[in-house]
Amino acid sequence: MLALVLTFPSFDPVAFRLGPLAVHWYGLMYLLGFVVGYLLLLRRLKHPPYAGITEPAPWTSTVVADLMTYVIAGVILGGRLGYCLFYQPAFYLTQPLEILKVWDGGMSFHGGALGVAAGVWLFARRQGRPFLQVSDLLVAVVPVGLAFGRIGNFINGELWGRPADPSLPWAMVFPQVDAVPRHPSQLYEFALEGVLLFVVGWLYARRGPDRGKSSALFVFGYGVLRFVVEFSREPDSFLGLLPLGLSMGQWLCVPMILGGAALWVWSDRRAKREAAGALAPAVGEPVATEEPVATEEA
């Protein structure tokens with residue numbers, strides 16, 4: 001049975017070198033994610049409601065480029081700080097200079113999500129735009145960046161899965177770990193958090209849903225999919241499994257699932273209140289009544 005198990009091909013993490021500079025595949029994946037995300041955001045501007053927005057100013061390629069600056073900063077700063085605080089707080093609190101060594105690895109999606117949320121809030125405030133209007137635009141393309149990131153994880157041979165049944169056709173041995181067939185959990189996350197979540201979110205966003213619902217779908221959807229995938233992903237060796245047999249990634253997904261569901265309900269109720277308000281007559285406006293039908297006296 002072991003002879004049929006796939007073996008991780010042990011990619012060279014360095015894509016190419018420019019003199020003393022080594023360009024890593026992981027960095028290229030981040031770059032591709034940002035570039036493709038930017039191009040897809042421009043396409044999103046043609047969909048409702050963004051094509052018709054004029055206040056405080058129309059959405060243009062320049063505005064989107066400005067938004068991407070905040071997003072990139074949020075991903076890098078939030079992702080790094082989130083990893084340090086969520087996964088190894090004791091170590092980084094005693095060795096704060098180690099936080100700066102991004103090249104040694106260590107990024108957290110949940111930290112990056114918080115960083116991006118902070119960046120979106122700051123961008124929306126400076127632009128005078130509603131926060132959820134901006135977040136609804138952005139979340140439709142975020143899974144693309146996640147997909148590229150998981151490919152980078154796979155090339156690096158990191159974040160491998162838990163032991164798998166050797167009869168599983170795609171079970172894979174990661175020689176840098178051991179000779180045990182494992183789940184290629186990076187590819188599971190690529191397929192679910194990347195491809196599936198992108199397709200569902202993109203098609204839903206094109207329908208022009210109520211404000212906040214695209215954001216709610218992404219937050220809830222990512223939380224559920226990541227929670228499920230974590231059952232096949234090896235937990236961090238320095239943490240292991242936490243209470244209830246859940247990993248740190250799963251515990252961090254719980255508030256996402258609850259928050260996404262709450263945002264959906266809030267957005268739905270808000271849309272219904274606005275619709276009811278639009279149908280109600282304005283204060284002081286006479287209510288239209290039917291005129292009595294005149295009849296001739298015999």
*Asks:* Between Ser108 and Gly111, is there a donor-acceptor pair closer than 3.5 Å when you use the side chain of the first and the backbone of the second?
*Replies:*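 Pair found, side chain donor or acceptor close to backbone of Gly111.
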*Asks:* Is the closest side-chain donor-acceptor distance between Ser215 and Asp136 under 3.5 Å?
*Replies:*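 Asp136 and Ser215 do have a side-chain donor-acceptor pair below 3.5 Å.
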*Asks:* Could you check whether any side-chain heavy atom of Val177 comes within less than 4.5 Å of a side-chain heavy atom of Arg182, counting everything from C-beta outward?
*Replies:*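 Yes - at least one pair of side-chain heavy atoms lies under 4.5 Å apart.
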*Asks:* Test side chain to side chain contact (heavy atoms under 4.5 Å, CB included) on Trp160 and Asn153; report intermediate values, then the result.
*Replies:* CA-CA 9 Å; Trp160 50 81; Asn153 292 143; over 6 Å; no
*Asks:* Does Arg126 qualify as a cation-pi partner of Trp121, given the criterion of NZ or CZ under 6.0 Å from the six-membered ring centre and within 45 degrees of its axis?
*Replies:*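 Judged by the rule, Arg126 and Trp121 form no cation-pi pair.
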*Asks:* Quick one, Tyr26 and Ile151 - any side-chain contact, counting heavy atoms below 4.5 Å?
*Replies:*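 Of all side-chain heavy-atom pairs linking Ile151 with Tyr26, none is under 4.5 Å.
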*Asks:* One thing to verify: whether Arg233 and Glu189 come together as a salt bridge, which I'm taking to mean a side-chain N less than 4.0 angstrom from a carboxylate O.
*Replies:*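 Yes.
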*Asks:* Return the OG to CG distance between Ser232 and Leu187, rounded to the nearest 0.5 Å.
*Replies:*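 So the OG of Ser232 and the CG of Leu187 are separated by 10.5 Å.
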*Asks:* Can you tell if the side chain of Val116 reaches within under 4.5 Å of the side chain of Val142, non-hydrogen atoms only?
*Replies:*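 When only atoms from C-beta onward are counted, Val142 and Val116 do not touch, as no gap falls below 4.5 Å.
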*Asks:* Once you round to the nearest 0.5 Å, how far does CG of Leu45 lie from NE2 of His47?
*Replies:*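 Leu45 CG to His47 NE2: 9.5 Å, rounded to 0.5 Å.
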*Asks:* Check for me, please, whether Tyr87 and Leu241 land in the same ILVMFWY cluster - side-chain distances under 4.5 Å, paths through other members count.
*Replies:*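 No, it is not one cluster - the side chains of Tyr87 and Leu241 are not joined through contacts under 4.5 Å.
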*Asks:* Would one find more than 12 heavy atoms of other residues, nucleotides or ligands at under 6.0 Å from atom CZ of Arg125?
*Replies:*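 Check fails, neighbour count at 12 or below.
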*Asks:* With distance as the sole test, does Gln95 use its side chain to make a donor-acceptor pair with the main-chain N or O of Tyr92 at under 3.5 Å?
*Replies:*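 No; zero donor-acceptor contacts below 3.5 Å.
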*Asks:* When you compare the side chain of Phe198 with that of Glu193, does any pair of heavy atoms fall below 4.5 Å?
*Replies:*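 Not touching, per the 4.5 Å side-chain cut-off.
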*Asks:* Are any side-chain N or O atoms of Ser185 and backbone N or O atoms of Tyr188, one a donor and one an acceptor, separated by less than 3.5 Å?
*Replies:*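 The answer is no, because no donor-acceptor pair under 3.5 Å joins these two groups.
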*Asks:* Looking at side-chain heavy atoms only, is the closest gap between Leu263 and Phe220 below 4.5 Å?
*Replies:*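 Counting from C-beta outward, Leu263 and Phe220 never come under 4.5 Å.
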*Asks:* What distance do Thr60 atom OG1 and Asp66 atom CG have between them, rounded to the nearest 0.5 Å?
*Replies:*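 Here the interatomic distance stands at 9.5 Å.
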*Asks:* On a heavy-atom basis, which atom in Thr7 and which in Pro175 lie closest, and how many Å separate them?
*Replies:*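 Heavy atoms only, the tightest pair is CG2-CG, 3.8 Å.
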*Asks:* Examine distances only and state if a side-chain atom of Gln186 and a backbone atom of Arg150 form a donor-acceptor pair shorter than 3.5 Å.
*Replies:*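 It does not hold such a pair.
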*Asks:* Please find out if less than 6.0 Å separates the ring center of Phe148 from that of Phe34.
*Replies:*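 For Phe148 and Phe34, the ring centres are not under 6.0 Å apart.
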*Asks:* Please check if the side chain of Asp236 supplies one atom and the backbone of Phe238 the other of a donor-acceptor pair under 3.5 Å.
*Replies:*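 Not at all, since once roles are kept as given, no pair shorter than 3.5 Å links the two residues.
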*Asks:* Does the side chain of Asp210 come within less than 4.5 Å of Lys272's, by heavy atoms?
*Replies:*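 They are not in side-chain contact.
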*Asks:* Angle between ring planes, Tyr222 versus His110, binned at 30° and 60°: parallel, tilted or perpendicular?
*Replies:*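 Perpendicular: the ring planes of Tyr222 and His110 meet at over 60°.
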*Asks:* Roughly how far, to the nearest 0.5 Å, is CH2 of Trp25 from CZ of Phe11?
*Replies:*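 Interatomic distance, Phe11 CZ to Trp25 CH2, rounded to 0.5 Å: 9.0 Å.
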*Asks:* For Phe123 and Val63, run side chain to side chain contact (heavy atoms under 4.5 Å, CB included): C-alpha distance rounded to whole Å, both residues' side-chain angles, the deciding distance at 0.1 Å, then the answer.
*Replies:* CA-CA 10 Å; Phe123 170 85; Val63 176; 3.7 Å; yes
*Asks:* Is it possible for you to say whether Phe227 and Leu159 belong to one hydrophobic cluster, with membership spreading through side-chain heavy-atom contacts below 4.5 Å?
*Replies:*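 No: no chain of side-chain contacts under 4.5 Å links Phe227 to Leu159.
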*Asks:* Count I, L, V, M, F, W, Y as connected when their side-chain heavy atoms are under 4.5 Å apart, and connections chain through other members. Are Leu239 and Leu93 then in the same cluster?
*Replies:*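 No; Leu93 is not reachable from Leu239 via cluster members.
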*Asks:* Would you say Tyr38 ends up clustered with Leu67 if hydrophobic residues are merged whenever their side chains have heavy atoms under 4.5 Å apart, either directly or through other cluster members?
*Replies:*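 The answer is yes; both residues are in one hydrophobic cluster.
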*Asks:* Please determine whether residues Leu77 and Tyr70 belong to a single hydrophobic cluster, defined as Ile, Leu, Val, Met, Phe, Trp and Tyr linked transitively by side-chain heavy-atom distances below 4.5 Å.
*Replies:*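 They do not share one cluster, since no chain of ILVMFWY contacts under 4.5 Å joins Leu77 to Tyr70.
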*Asks:* Are any side-chain N or O atoms of Tyr30 and backbone N or O atoms of Gly149, one a donor and one an acceptor, separated by less than 3.5 Å?
*Replies:*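 Answer holds: no.
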*Asks:* Identify the two heavy atoms, one from Ile53 and one from Ala57, that lie closest to each other, and give their separation to 0.1 Å.
*Replies:*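 Closest approach of Ile53 to Ala57: CG2-O, 4.2 Å.
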*Asks:* For Leu197 and Leu192, run side chain to side chain contact (heavy atoms under 4.5 Å, CB included): C-alpha distance rounded to whole Å, both residues' side-chain angles, the deciding distance at 0.1 Å, then the answer.
*Replies:* CA-CA 6 Å; Leu197 191 56; Leu192 296 178; over 6 Å; no
*Asks:* Do you know the tightest heavy-atom contact between Trp59 and Leu137?
*Replies:*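 Nearest pair, atom of Trp59 first, then Leu137: CZ3-CD2, 3.4 Å.
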*Asks:* Using side-chain heavy atoms (C-beta onward) and a distance below 4.5 Å, is Trp202 in contact with Arg44?
*Replies:*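 They are in side-chain contact.
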*Asks:* Which pair of non-hydrogen atoms, one from Ala124 and one from Val134, has the smallest distance, and what is that distance?
*Replies:*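 Closest pair (atom of Ala124, atom of Val134, distance): CB-CG2, 4.0 Å.
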*Asks:* Is it true that a side-chain atom of Asn156 and a backbone atom of Glu158 form a donor plus acceptor pair closer than 3.5 Å?
*Replies:*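 Looks like no, no N/O pair under 3.5 Å.
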*Asks:* Between Val173 and Phe8, is any pair of side-chain heavy atoms under 4.5 Å apart?
*Replies:*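 Val173 does not reach Phe8 side chain to side chain.
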*Asks:* Which atoms form the tightest heavy-atom contact between Ala15 and Leu28, and what is the distance?
*Replies:*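 Reported closest heavy-atom pair: CB-CD1, 3.5 Å.
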*Asks:* Which value, rounded to the nearest 0.5 Å, describes the distance between Ile72 atom CD1 and Leu31 atom CG?
*Replies:*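 Spacing of CD1 (Ile72) from CG (Leu31) equals 8.5 Å.
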*Asks:* Where do Ser135 and Leu138 land on the side chain to side chain contact (heavy atoms under 4.5 Å, CB included) test, with the steps shown first?
*Replies:* CA-CA 5 Å; Ser135 65; Leu138 184 63; 5.6 Å; no
*Asks:* Heavy atoms only: give me the nearest His183-Phe174 pair and the separation to one decimal.
*Replies:*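 Shortest heavy-atom separation between His183 and Phe174 comes out as O-CE1, 4.2 Å.
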*Asks:* So Glu230 and Trp251, side chain to side chain donor-acceptor pair (under 3.5 Å) or not? Walk me through it.
*Replies:* CA-CA 10 Å; Glu230 283 282 327; Trp251 277 113; over 6 Å; no
*Asks:* Would the distance check show the side chain of Ser267 and the main-chain N or O of Trp264 forming a donor-acceptor pair, the cut-off being under 3.5 Å?
*Replies:*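 Not at all, since once roles are kept as given, no pair shorter than 3.5 Å links the two residues.
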*Asks:* Nearest 0.5 Å, what's the NZ-CG distance between Lys213 and Leu217?
*Replies:*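 Here the interatomic distance stands at 11.0 Å.
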